[in-house]
S.K.: 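Please read through the structure below; I'll follow up with questions.
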Amino acid sequence: MPAFDGYVVRVISPTKELVFIVNGRSRLGAGQAKEAHAALLAEGFRVRSFKVCISKRAFDSAIRESVDAQEPVIAIGGGDGTLRAAAEIIAGSASAMAVIPMGTGNAWARDLGIPVGPVQSAKALVGAKIEHIDLGIANDLGFVNVATIGLTALIVQNLPNHSKGRFGKWVYLPAILRSLRDLKPFELSVTTSTGNYEHVAILFVAAAGRTHAGPFRVTRASSNCDGMLSLYALDDTDRRGLLKFGAGLLTGMHTLLNEVWTCEVDQARVETTPAKRIIIDGERTGTTPLDLSIRAGALRVLLPSMAD
């Protein structure tokens with residue numbers, strides 16, 4: 001470290017200065033905010049501002065103010081829905097985003113190789129580098145992970161109100177069983193520049209990232225920095241076909257099944273009969289039709305060296 005008049009001067013790099021904004025409405029955000037703040041300070045970060053927001057308006061406003069001020073790094077604490085909303089605002093700006101996962105699933109953080117937990121994620125930011133990540137667009141709404149129609153949308157719909165906050169991941173089991181019972185095939189039409197898909201289906205997935213439903217790759221070519229959307233659809237099938245699809249997800253071979261259609265494109269138009277609910281990064285956001293596109297490398301994110 002350089003010295004001046006006998007005193008040691010600590011030089012803080014641009015990525016070590018940040019503002020920290022937490023969604024206090026999330027299940028874990030309010031409780032973990034102080035712990036995460038302390039962890040950032042302990043790792044040598046200069047936290048220029050620390051805000052816990054209890055309303056969406058306050059949360060969005062805090063991020064926009066930081067973007068307008070061209071803060072070098074905006075650290076966001078919250079679950080997948082919170083991170084999606086923040087990414088949509090930060091994308092295309094001079095600010096980089098740091099991810100402090102505080103949700104139940106933390107799908108995007110895991111996809112980026114960011115460890116879960118306020119202390120662990122703060123440590124992972126030390127020495128992290130700014131990388132350019134793609135932002136998906138679904139009906140003018142930004143998303144970082146996946147937009148889905150069909151089975152996954154039904155699972156979200158069948159989750160009891162507020163149950164996720166009380167029971168965490170366990171609440172998904174009865175929702176999945178109920179969804180399989182209530183599942184109804186639908187007519188799906190996907191129009192792209194490289195080819196079209198028209199079939200009776202039970203699931204459609206569009207991803208800006210690599211993984212979905214936990215650690216499972218969306219397609220064998222999926223990436224969060226290639227400027228492409230990874231799409232796949234699962235045809236209407238029987239119980240045996242569902243078991244094959246489940247086994248395929250576990251092995252990463254599901255897109256090789258005859259029942260699965262897949263492609264990599266930069267935009268697509270999705271229509272269904274009847275109209276189906278759309279789930280974007282785990283949240284219900286309207287119904288089909290669905291227009292998809294991608295903003296290649298629009299989001300600057302601090303990623304630990306372990307991420308690929």
Side-chain angles (χ1 to χ4, degrees), residues 60 63 76 78-93 95-97 99 101 103 105-114 131-153 156 188 190-195 197 203-234 255 261-272 276-301 303 307:
D60 290 353
I63 298 174
I76 303 295
D80 288 324
T82 295
L83 297 173
R84 183 214 65 77
E88 184 177 36
I89 298 172
I90 297 172
S93 75
S95 301
M97 180 175 173
V99 176
N106 301 305
W108 191 44
R110 297 179 192 278
D111 189 25
L112 296 176
I114 298 171
E131 303 287 353
H132 290 262
I133 300 300
D134 298 336
L135 180 73
I137 305 294
N139 286 351
D140 297 324
L141 187 69
F143 69 96
V144 294
N145 196 13
V146 295
T148 66
I149 300 166
L151 178 59
T152 48
V156 173
L188 174 64
V190 184
T191 304
T192 78
S193 59
T194 60
Y197 168 90
L203 174 65
F204 171 80
V205 175
R210 300 181 301 172
T211 60
H212 71 319
F216 308 118
R217 287 296 289 263
V218 178
T219 68
R220 294 167 69 85
S222 59
S223 170
N224 50 34
C225 57
D226 63 353
M228 302 291 280
L229 292 164
S230 298
L231 313 181
Y232 81 79
L234 175 61
T255 56
W261 169 85
T262 183
C263 71
E264 310 288 324
V265 294
D266 59 359
Q267 60 183 6
R269 168 80 173 181
V270 182
E271 298 174 283
T272 67
K276 302 295 289 184
R277 188 174 296 279
I278 303 165
I279 301 297
I280 297 178
D281 287 345
E283 297 185 340
R284 289 176 277 188
T285 54
T287 59
T288 52
L290 172 63
D291 288 307
L292 293 161
S293 60
I294 190 111
R295 292 177 60 188
L299 185 63
R300 300 167 68 236
V301 182
L303 295 185

S.K.: Spell out, as yes or no, whether a donor-acceptor pair under 3.5 Å connects the side chain of Thr288 to the backbone of Lys276.
M.R.: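 Checked: pair present.
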S.K.: Atom CD1 of Ile90 and atom CZ of Arg300: how far apart are they, to the nearest 0.5 Å?
M.R.: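 Rounded to the nearest 0.5 Å, the CD1-CZ separation comes out at 11.0 Å.
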S.K.: Applying side chain to side chain contact (heavy atoms under 4.5 Å, CB included), run through Tyr197 and Val270 and close with a yes or a no.
M.R.: CA-CA 9 Å; Tyr197 168 90; Val270 182; over 6 Å; no
S.K.: Considering non-hydrogen atoms only, spot the tightest contact between Thr192 and Cys263 and give its length.
M.R.: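 So the minimum-distance heavy-atom pair works out to CG2-SG, 4.3 Å.
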S.K.: Would you check, one step at a time, whether the test side chain to side chain contact (heavy atoms under 4.5 Å, CB included) holds for Ile76 with Ile63?
M.R.: CA-CA 9 Å; Ile76 303 295; Ile63 298 174; 4.0 Å; yes
S.K.: Does a side chain donor of either Thr219 or Glu264 reach within less than 3.5 Å of an acceptor in the other side chain?
M.R.: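 The answer is yes; a qualifying pair exists.
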S.K.: Is there a side-chain contact between Leu135 and Ile133 (heavy atoms, below 4.5 Å)?
M.R.: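 No - every pair of side-chain heavy atoms lies 4.5 Å or more apart.
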S.K.: By salt bridge (Lys or Arg N to Asp or Glu O under 4.0 Å), which residues pair with Arg220, not counting sequence neighbours?
M.R.: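 With neighbours one apart ignored, the set is empty.
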S.K.: What's the spacing between Glu283 CD and Ile278 CD1 if we round to 0.5 Å?
M.R.: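 Reported to 0.5 Å precision, the distance equals 13.5 Å.
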S.K.: Rounded at 0.5 Å granularity, tell me how far CD1 in Ile280 sits from OG1 in Thr285.
M.R.: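 The OG1 atom of Thr285 is 3.0 Å from CD1 of Ile280, to the nearest 0.5 Å.
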S.K.: Run the side chain to side chain contact (heavy atoms under 4.5 Å, CB included) test against Asp281 and tell me which residues pass, sequence neighbours left out.
M.R.: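 Checked Asp281 against side chain to side chain contact (heavy atoms under 4.5 Å, CB included); matches are Arg84, Phe143, Val144, Asn145.
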S.K.: Report yes if the side chains of Leu299 and His132 come closer than 4.5 Å at any heavy-atom pair, otherwise no.
M.R.: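 Leu299 does not reach His132 side chain to side chain.
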S.K.: Could you tell me whether the side chains of Ser222 and Arg217 share a donor-acceptor contact shorter than 3.5 Å?
M.R.: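 Ser222 vs Arg217: donor-acceptor pair found between side chains.
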S.K.: Side-chain contact test, heavy atoms from C-beta onward, threshold under 4.5 Å: evaluate it for Ile114 versus Trp108 and give yes or no.
M.R.: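 The answer is no, as the side chains (C-beta and beyond) never meet within the 4.5 Å cut-off.
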S.K.: Treating Ser93 as the side-chain partner and Ser95 as the backbone partner, does any N or O pair qualify as donor plus acceptor under 3.5 Å?
M.R.: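 Yes, the answer is positive, given that a donor and an acceptor are paired below the 3.5 Å cut-off.
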S.K.: Within the distance-only criterion (no hydrogens, no angle test), does the side chain of Asp291 pair as donor or acceptor with the backbone N or O of Gln267 below 3.5 angstrom?
M.R.: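 Not a single qualifying donor-acceptor pair exists.
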S.K.: Please test Val265 against Leu231 for side chain to side chain contact (heavy atoms under 4.5 Å, CB included), starting from the C-alpha separation and ending with a verdict.
M.R.: CA-CA 8 Å; Val265 294; Leu231 313 181; 3.7 Å; yes
S.K.: Kindly give the heavy-atom pair with the smallest separation between Gly78 and Asn106, and that separation in Å.
M.R.: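 Nearest heavy atoms, Gly78 then Asn106: O-OD1, 4.4 Å.
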S.K.: Is the backbone N or O of Asp134 less than 3.5 Å from a side-chain atom of Asn224, with the two atoms forming a donor-acceptor pair by type?
M.R.: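 Not confirmed, Asn224 side chain does not pair with Asp134 backbone.
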S.K.: CE/Met97 to CD1/Ile89 distance, rounded to the nearest 0.5 angstrom?
M.R.: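 Reported to 0.5 Å precision, the distance equals 9.5 Å.
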S.K.: Minimum heavy-atom separation for Ile137 and Gly142, please, with both atom names.
M.R.: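 For Ile137 and Gly142, the tightest heavy-atom pair comes out as CD1-CA, 4.0 Å.
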S.K.: Taking all non-hydrogen atoms of both residues, which atom of Ser230 and which atom of Ser223 are closest, and how far apart?
M.R.: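 In terms of heavy atoms, the two residues are closest at OG-N, 4.4 Å.
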S.K.: Could you state the interatomic distance from OG1 (Thr272) to CZ (Phe204), rounded to the nearest 0.5 Å?
M.R.: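 Reported to 0.5 Å precision, the distance equals 10.5 Å.
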S.K.: Checking Thr255 against Thr262: is there a side-chain donor and acceptor pair closer than 3.5 Å?
M.R.: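 Note: Thr262 and Thr255 side chains miss the donor-acceptor criterion.
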S.K.: What closest approach, in Å, do Thr211 and Val146 show between heavy atoms, and which atom pair accounts for it?
M.R.: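 Here Thr211 and Val146 meet closest at O-CG1, 4.2 Å.
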S.K.: Could you grab the distance from atom CG of Leu151 to atom CG of Leu234, nearest 0.5 Å is fine?
M.R.: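 Those atoms lie 8.5 Å apart.
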S.K.: Provide the closest heavy-atom pair for Arg277 versus Thr287 in the form atom of the first, atom of the second, distance.
M.R.: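 Reported closest heavy-atom pair: CA-CG2, 4.1 Å.
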